[in-house]
Amino acid sequence: MNVQWVRGEMPTTLKIKPPSDYLLGRDVCSYGYFLLAPNRWDVKRRVFSRAMSLARGPALIEVKQKPVAGNPLAIDVSRSLTRPERAELERQIRRMFRLDESAGQIAEFHKIDPRWRVSGRGRVFRSPTLFEDVLKTVTSCNVQWPSTVHMNIRLCEVLGDRVASGPETSAPHSFPSTKKIASTRPQTLRARCRVGYRDQRIVELARLFRTNPRNGGIDQEWLEDPSTSDESVHDFLIELPGIGPYAAANIMQLLGRYTRLPLDTESVRHGRTVLGLKGPSTKIMKRVKSHFAPFGAHAFRSYWFELWTFYESRHGPSWMWERDSTGKLFTASALNAD
DNA sequence: GGTAGACCTGGACGC
DNA sequence: GCGTCCAGGTCTACC
């Protein structure tokens with residue numbers, strides 16, 4: 001997909017200097033969310049694109065990099081940007097691509113787990129906002145991957161803002177805002193976005209993001225503050241609607257806190273097929289947890305890249321995966337099959 | 001602290 | 001084409 005330029009608006013190009021080890025294809029295609037709407041990864045062109053939410057409305061971006069680590073990221077934007085919008089866009093891109101994790105910090109991880117030194121893996125793709133990360137986590141709970149893909153497509157199409165790009169009918173949409181979801185009826189979410197029983201919980205989460213932390217709302221700064229303990233963050237997250245042990249641990253890794261593992265049926269499958277563990281699921285989950293405990297503050301990344309490497313051994317390099325064909329690949333039956 | 005069952009959806013399967 | 005079963009994490013009730 002090429003950027004569809006907005007009529008009457010001058011497109012903009014930004015350049016961002018990433019960390020010296022940053023490689024777009026490897027570091028974007030490092031977590032399943034790169035396959036979820038509104039994200040798009042163009043396999044042939046090796047270009048990342050999506051609609052971004054900005055003050056004057058959504059803008060489509062295309063991000064590319066010459067495939068040499070540390071080369072600048074070239075970001076084509078479908079319209080002109082005000083100075084605050086430019087700053088906001090850069091902030092969101094830095095979050096999404098984890099550009100604030102320096103090459104030195106990734107090297108620290110490789111010291112603890114040298115298996116990923118050659119490939120350079122270390123950054124885990126996430127969303128431009130914490131709200132999108134939380135909702136993507138909720139839509140990944142208690143469903144198989146194709147349903148998660150579908151829910152995110154529908155959330156964007158039904159409640160996201162459409163990029164004004166001329167007569168095209170398939171114009172991209174942004175991820176819906178907290179404001180939009182907070183004012184949406186749960187029945188609408190259920191009927192049109194197919195989120196099922198998550199409807200009320202999703203609306204409540206959006207409202208909590210819009211509530212002042214003094215009144216019980218979600219305090220993003222506090223959650224992202226390195227001086228806040230992992231324990232405190234976990235205790236807060238687990239109290240949120242729709243967030244259980246798996247989701248809390250997953251949101252923690254998305255916050256850059258890698259100590260805990262989001263243990264799910266995939267962890268059990270991995271424990272059985274790759275680590276050779278035997279016994280009931282509950283026991284295997286505990287053993288997977290202790291298996292990665294020696295990696296300490298980097299446990300999640302050691303665990304995750306082991307899983308990711310397994311997926312790539314089955315389906316080829318992740319930068320070759322197409323969203324519409326991954327659905328059937330990432331089912332328990334497909335992954336358990338020899 | 002541990003466990004059982006309900007919650008929903010989409011896909012697989014059998015007829 | 002229809003009905004049934006199953007997978008998936010969270011939540012509540014219960015022991």
Side-chain angles (χ1 to χ4, degrees), chain A residues 31-33 35-37 127 131-159 181 184-209 216 218 231 233-255 260-273 279-290 300 303-304 307 310-311 314-315 322-338:
Chain A
Y31 194 64
Y33 290 5
L35 295 161
L36 296 181
S127 304
F131 175 63
E132 186 176 330
D133 271 340
V134 169
L135 255 61
K136 279 184 160 50
T137 300
V138 169
T139 60
S140 72
C141 288
N142 201 28
V143 283
Q144 292 178 334
W145 184 247
S147 294
T148 304
V149 170
H150 190 226
M151 278 187 244
N152 278 274
I153 290 172
R154 294 300 295 155
L155 281 169
C156 294
E157 286 180 352
V158 174
L159 301 169
I181 292 188
T184 300
R185 291 185 314 148
Q187 300 93 303
T188 305
L189 278 173
R190 182 180 293 227
R192 300 195 61 203
C193 304
R194 314 300 294 164
V195 300
Y197 65 88
R198 300 165 195 78
D199 55 357
Q200 184 70 46
R201 297 170 193 177
I202 287 174
V203 172
E204 283 175 26
L205 282 167
R207 289 178 180 162
L208 284 168
F209 268 91
I218 293 171
E231 208 56 37
V233 169
H234 179 265
D235 291 350
F236 176 81
L237 292 173
I238 204 96
E239 292 299 320
L240 295 174
I243 308 298
Y246 163 82
N250 196 54
I251 294 166
M252 287 185 72
Q253 69 85 3
L254 292 163
L255 284 163
R260 288 170 185 265
L261 302 187
L263 294 166
D264 60 0
T265 51
E266 262 306 279
S267 319
V268 175
R269 183 206 52 72
H270 187 75
R272 288 203 173 108
T273 60
S281 298
T282 45
K283 206 166 186 174
I284 288 182
M285 280 208 190
K286 284 178 185 166
R287 291 187 63 191
V288 168
K289 187 179 169 185
S290 11
F300 171 77
Y303 160 80
W304 181 250
L307 246 77
F310 172 77
Y311 297 154
R314 294 297 183 97
H315 307 304
E322 303 265 12
R323 178 175 77 190
D324 299 335
S325 60
T326 52
K328 285 175 185 163
L329 300 176
F330 293 91
T331 59
S333 58
L335 291 167
N336 280 320
D338 287 325

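Computed from a prediction, not measured in an experiment: that's the story for all the values here. The sequence lines fix the lettering, A, B, ..., with proteins before strands; numbering per chain opens at 1.
In this structure, OG1 on Thr184(A) lies 10.5 Å from CD1 on Ile202(A), to the nearest 0.5 angstrom. Rounded to the nearest 0.5 angstrom, Thr137(A) OG1 and Leu254(A) CG are separated by 5.0 Å. Taking CZ of Phe209(A) as the reference point, atom CD of Glu132(A) lies at 11.0 Å (rounded to 0.5 Å).
Computed from coordinates, the Met151(A) CE to dG9(C) P distance equals 12 Å when rounded to whole Å. The nearest whole Å value for the distance from the CG atom in Leu261(A) to the P atom in dG9(C) is 14 Å. Atom CG in Asn250(A) sits about 16 Å away from atom P in dG8(C), given to the nearest Å. The distance between atom CG of Leu205(A) and atom P of dT10(C), rounded to the nearest whole Å, is 12 Å. With rounding to whole Å, Tyr246(A) atom OH is found 14 Å from dC11(C) atom P.
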Checking salt bridge (Lys or Arg N to Asp or Glu O under 4.0 Å) for the pair Glu266(A)/Arg269(A): CA distance, chi angles, key distance, verdict?
CA-CA 5 Å; Glu266(A) 262 306 279; Arg269(A) 183 206 52 72; 2.9 Å; yes

For this session: Kindly indicate, with the supporting measurements, whether the criterion side chain to side chain contact (heavy atoms under 4.5 Å, CB included) is fulfilled by Leu237(A) and Met252(A).
Result: CA-CA 9 Å; Leu237(A) 292 173; Met252(A) 287 185 72; 3.7 Å; yes

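Residues passing the ring pair (Phe, Tyr, Trp, His ring centres under 6.0 Å) test with Tyr197(A): none are found, sequence neighbours excluded. Applying the ring pair (Phe, Tyr, Trp, His ring centres under 6.0 Å) test to Tyr31(A) and every residue at least two apart in sequence or in another chain returns Tyr33(A), Trp304(A).
Between Arg260(A) and Glu231(A) a salt bridge is recorded (basic side-chain N to carboxylate O distance below 4.0 Å).
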In residues 146-156 of chain A, what donor-acceptor pairs under 3.5 Å come from side-chain atoms, sequence neighbours left out?
residue   : atom : partner   : partner atom : Å
Thr148(A) : OG1  : Thr139(A) : O            : 2.9
Asn152(A) : OD1  : Lys136(A) : NZ           : 3.3
Asn152(A) : ND2  : Thr139(A) : OG1          : 3.0
Asn152(A) : ND2  : Thr148(A) : O            : 3.0
Arg154(A) : NE   : Arg192(A) : O            : 2.9
Arg154(A) : NH1  : Glu157(A) : OE1          : 3.1
Arg154(A) : NH2  : Arg192(A) : O            : 3.2

Per-nucleotide protein contact along nucleotides 3-9 of chain B, 5' to 3', at a 4.0 Å heavy-atom cut-off (B base, S sugar-phosphate only, - neither), is ----BSS

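Using a 4.0 Å cut-off on heavy atoms, the residues of residues 234-243 of chain A that approach DNA chain C are Leu240(A), Pro241(A), Gly242(A), Ile243(A), listed by number.
Inter-residue side-chain proximity for Lys289(A) and Leu263(A) is flagged as met; some heavy-atom pair is nearer than 4.5 Å.
Between the axis at the start and the axis at the end of the helix from dG1(B)-dC15(C) to dC15(B)-dG1(C) there is an angle of 30°, using five pairs per end and rounding to 10 degrees.
In Arg272(A), the CZ atom is crowded: over 12 heavy atoms of neighbouring residues, nucleotides or ligands sit closer than 6.0 Å.
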